[in-house]
2 protein chains.
Amino acid sequence: MDALSVAQRKLMPEMSELLKKRYQILQTINFEQPIGRRTLSEIAGATEREIRKETDLLRNQQLIEMKTAGMTVTSQGLEVLEKLKVFVREMSGLTDMEIQLQTILGISNVVILPQDSDEILAVKSHIGKEAARLLETLFGRYEKIAVTGGSTMAAISKELSIGKPNRALQFIAARGGLGEDVLHQANTIASAFAEKTGGSFKTLYLPDHLSAEAFEMMMKEPVIKEMMDLYDQTDVVVHGIGNAEEMAVRRHSSLEEVEKIRSGGAVSEAFGYYFDKDGKIVYRIRTAGIQLEQVQNASTILAVAGGGSKARAILSYFKNAPNPTVLVTDEGAARKIIELTKKLEEL
Amino acid sequence: MDALSVAQRKLMPEMSELLKKRYQILQTINFEQPIGRRTLSEIAGATEREIRKETDLLRNQQLIEMKTAGMTVTSQGLEVLEKLKVFVREMSGLTDMEIQLQTILGISNVVILPQDSDEILAVKSHIGKEAARLLETLFGRYEKIAVTGGSTMAAISKELSIGKPNRALQFIAARGGLGEDVLHQANTIASAFAEKTGGSFKTLYLPDHLSAEAFEMMMKEPVIKEMMDLYDQTDVVVHGIGNAEEMAVRRHSSLEEVEKIRSGGAVSEAFGYYFDKDGKIVYRIRTAGIQLEQVQNASTILAVAGGGSKARAILSYFKNAPNPTVLVTDEGAARKIIELTKKLEEL
DNA sequence: TTCAATGGGATAAAAAACGTCCAGCTAGAA
DNA sequence: TTCTAGCTGGACGTTTTTTATCCCATTGAA
């Protein structure tokens, strides 16, 4: 942020919010084009009237066009989007926050995207896109990639660009179906990743909640064993981070499980492990899947989670997270994390 | 104007006007401090409500302070003023317009100040200040400076800074009293310049409208002759440019004179000469004073005139203006001049 | 051909901005 | 010292803008 911009903001403080809002609208149109007012207002988290006011202005500025099919971004609009990209980041203080988060979480790489995915639907896509881009840079060096489930992971798969097929890539479902919605299961995600990139995928199907004996037995099965070997060889792990209670509910966990999770003070969840606020493992779902040690042996770990509501979970998970982890998150989560940390320090 | 600012303006077109307005208000406060809302609203050409809204904001931004004596600019405010100075110029397109005016008027140096002195009283002071600064840079090299009358010239005298006295400077009234208000007579201005700079001054008192014989006689008088010699030695001429009819009225010219001026199609006036739209001399007041040839022999000529209403007069005068002339004007006049020139080209 | 989604138009209600006063205070002039 | 001009902050009815929702003709895809 140069001196000129600082002075500008000082003289026109209302500019910041306005610029961010318009930029986000323009960005979303670019993302979803062609799109209409109503749909846009849902995705962008604004009222129809507001969208209308702003899009009318954007059209007058020849940044977008309105056709009967919907609104599209013009080449001028694209240019503006490109030129202001870094500026909007700087202005939102994202660069500063990234450095703060790196210190707080004890990892060397954090990427923060503008706005809050809790409030604005489109932000989840932006997170997905950013994670997808990051992941793609790894494709040359690494081949075995383990992926978990969740809506965030699904967002990444949607944003993977369909380039020239890379047959060498192998996507491995990190867990079996954990009672989740099929669309968001690790197996589904792995297959989606493979489809987009032209690689192959390996799925893991195993019923939940096996008895100890049955579990032992299954682990000796060749199909399962093969998966466990693959986990050992995993180069890259891509995973989401969940809120402990939310996950328990979503997975229709048994009363017994829920009790353990709750009494243990679980805050976050990742790979089927539940962590408390200090990062200690409180509970783990006893089923086949990647083990924490195996995750830690991976060359690169990509953690993806956004929204202010995920702040506590992110903080919890990163208490003991492997160092090479890269976190992709959003402004909402980042601000909340910083706020929580400050409060903690004050005590 | 860099690409970032262009993109910013594209996305926030309302920003330009707002920035200019706030900048101007801040600048005016800095100029006139301490100053109250009402006085400010008169000088700045805005309603009290508007001034109130903006000054409240400026205070919240800690750019100004409000005390019982009035509003003053803080150090932060000064900083913002300094940092945005060039930007506001660029944004208003003043730099571009300066180049355009240089071509249109056929001179090598034009300085344009923001806004229109017809609308905003404070702009006249800004013009005066800029002209004063320019003039001060010449003090080292030149000593004999001829000045004319008029409110613009008075504005310059007000803005001359009181530095260390320079006894060598000699300010010469370019004309006698031409029936104008005493405060705006060349004689008064010359004395004001001298007082501010510590130099000396020479005045010329001669009744208007002398008969031809009396005039001839007077020209032989030593006092008058001395002045005429001084005009020959003049290094620098500083003068305003007036609207022909306006000047005729202000000088209480005789019906005969007014008729000559009107029938001749006079548009502009300078040094008592009236020029038509092609720069041709239509009429000259027969009285002692600097002659056009003497003006042309000066090393530097500083023409100062602002406000949209002066546009035609400026265009007229510069049709045959001496080349080393520097013009100090404002945005209002500049825009109008460019507009008029464009219309002329279209025909 | 049907149908869902689009931009544009319209309107009543709510909110913000505006113009204009006044009261009370203070600093500097008389 | 008193007086006065000029200042800020508060108030309030009026005007203008913004907002929340409709509806409608059109269009492009299923």
Side-chain angles (χ1 to χ4, degrees), chain A residues 11-22 24-74 76-77 119-122 125, chain B residues 11-22 24-74 76-77 119-122 125:
Chain A
L11 205 54
M12 305 198 296
E14 64 271 61
M15 184 191 78
S16 299
E17 282 311 306
L18 195 63
L19 181 65
K20 274 198 256 179
K21 188 170 66 184
R22 294 214 178 124
Q24 186 236 322
I25 290 173
L26 188 58
Q27 195 181 25
T28 308
I29 296 174
N30 185 40
F31 227 75
E32 311 275 346
Q33 60 186 318
I35 188 175
R37 280 200 310 255
R38 278 163 258 259
T39 326
L40 182 57
S41 77
E42 276 174 36
I43 296 177
T47 64
E48 190 197 325
R49 205 67 198 71
E50 195 171 12
I51 290 290
R52 188 165 186 170
K53 195 178 64 171
E54 300 300 348
T55 51
D56 279 355
L57 181 136
L58 292 178
R59 179 180 47 180
N60 283 337
Q61 294 298 108
Q62 288 155 21
L63 300 178
I64 62 172
E65 275 174 0
M66 284 175 174
K67 304 175 208 153
T68 56
M71 298 175 282
T72 50
V73 175
T74 65
Q76 272 195 69
E119 291 163 16
I120 300 169
L121 215 58
S125 305
Chain B
L11 204 55
M12 303 197 298
E14 63 271 61
M15 183 191 79
S16 299
E17 281 311 306
L18 195 64
L19 182 64
K20 273 198 256 178
K21 188 170 64 183
R22 293 210 180 129
Q24 187 237 321
I25 290 173
L26 188 57
Q27 195 180 26
T28 307
I29 296 174
N30 186 41
F31 228 74
E32 311 276 345
Q33 62 188 318
I35 187 176
R37 280 200 310 259
R38 273 164 245 259
T39 325
L40 182 57
S41 77
E42 277 173 36
I43 296 177
T47 64
E48 191 196 325
R49 204 71 198 80
E50 195 171 14
I51 289 290
R52 189 165 186 170
K53 195 180 65 173
E54 300 302 348
T55 51
D56 279 356
L57 181 136
L58 292 178
R59 180 180 46 183
N60 282 338
Q61 293 299 108
Q62 288 154 18
L63 299 179
I64 62 172
E65 275 175 356
M66 284 175 174
K67 305 176 209 151
T68 55
M71 299 177 281
T72 49
V73 175
T74 65
Q76 272 194 69
E119 290 162 16
I120 300 167
L121 213 59
S125 304

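Each chain gets a letter, A, B and so on, in the order the sequences are listed, and its residues count up from 1.
Closest heavy-atom contact between B:Pro34 and B:Ala69: CB-O, 3.8 Å. Across all non-hydrogen atoms, the minimal contact from B:Leu26 to B:Gly77 is CD2-O, 3.8 Å.
Rounded to whole angstrom, the span from the CD atom of B:Glu14 across to the P atom of C:dA17 amounts to 14 Å. Rounded to whole angstrom, the span from the CG atom of A:Leu58 across to the P atom of C:dG7 amounts to 13 Å. For the pair B:Asp56 CG and C:dA17 P, the interatomic distance rounds to 12 Å; values are reported in whole Å.
For B:Ser16, the side chain to side chain donor-acceptor pair (under 3.5 Å) partners at least two apart in sequence or on another chain are B:Arg9. Listed by chain and number, the residues in a side chain to side chain donor-acceptor pair (under 3.5 Å) with B:Lys21 are B:Glu50 (sequence neighbours excluded). When the side chain to side chain donor-acceptor pair (under 3.5 Å) test is applied to B:Thr47, no partner is found at least two apart in sequence or on another chain. Shown here are the side chain to side chain contact (heavy atoms under 4.5 Å, CB included) partners of A:Leu121, two or more places apart in sequence or in another chain: A:Ile43.
Residues B:Thr28 and B:Met71 fail the side-chain proximity criterion, which asks for heavy atoms closer than 4.5 Å.
Contact footprint of chain B on DNA chain D: nucleotides with an atom under 4.0 Å from a non-hydrogen protein atom, first to last in 5' to 3' order, D:dC7 to D:dA11.
For the atom pair CZ of B:Arg49 and CD of B:Glu54, the computed distance is 11.0 Å after rounding to the nearest 0.5 Å. Between atom OG1 of residue A:Thr72 and atom CG of residue A:Asn30 there is a gap of 10.0 Å, rounded to the nearest 0.5 Å. In this structure, the separation between CD1 on B:Ile51 and CD1 on B:Ile25 is 4.0 Å, given to the nearest 0.5 Å.
When each of B:Lys53 and A:Gly36 is assigned the nucleotide of DNA chain C with its nearest heavy atom, A:Gly36 is the one assigned upstream, toward the 5' end.
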Using the 3.5 Å cut-off, write out each protein N or O paired with an N or O of nucleotides 21-24 of chain C and the distance between them.
from	atom 1	to	atom 2	distance (Å)
C:dC22	N4	B:Arg38	NH2	3.1

Please set out all donor-acceptor pairs under 3.5 angstrom arising from side-chain atoms of residues 56-66 of chain A, sequence neighbours excluded.
from	atom 1	to	atom 2	distance (Å)
A:Asp56	OD1	A:Arg59	NH2	3.4
A:Gln61	NE2	B:Lys10	O	2.9

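Applying the salt bridge (Lys or Arg N to Asp or Glu O under 4.0 Å) definition to pairs two or more places apart or across chains, those involving residues 28-37 of chain B are B:Arg37-B:Glu48. Residues in residues 31-56 of chain B take part in these ring-ring contact (aromatic ring centres under 6.0 Å, His included) pairs, two or more places apart or across chains: B:Phe31-B:His126.
Near-neighbour residues of DNA chain C inside residues 59-68 of chain B, defined by a heavy atom below 4.0 Å, number-ordered: B:Thr68. If you check residues 24-33 of chain B against DNA chain C, you find no residue with a heavy atom closer than 4.0 Å.
Ion pairing between a basic and an acidic side chain is recognised when a charged N comes within 4.0 Å of a carboxylate O; B:Arg22 and A:Glu14 show such pairing.
In the helix from C:dT1-D:dA30 to C:dA30-D:dT1, the end axes, each obtained as the rotation axis mapping the C1' atoms of four pairs onto the next four within a five-pair block, lie 30° apart to the nearest 10 degrees.
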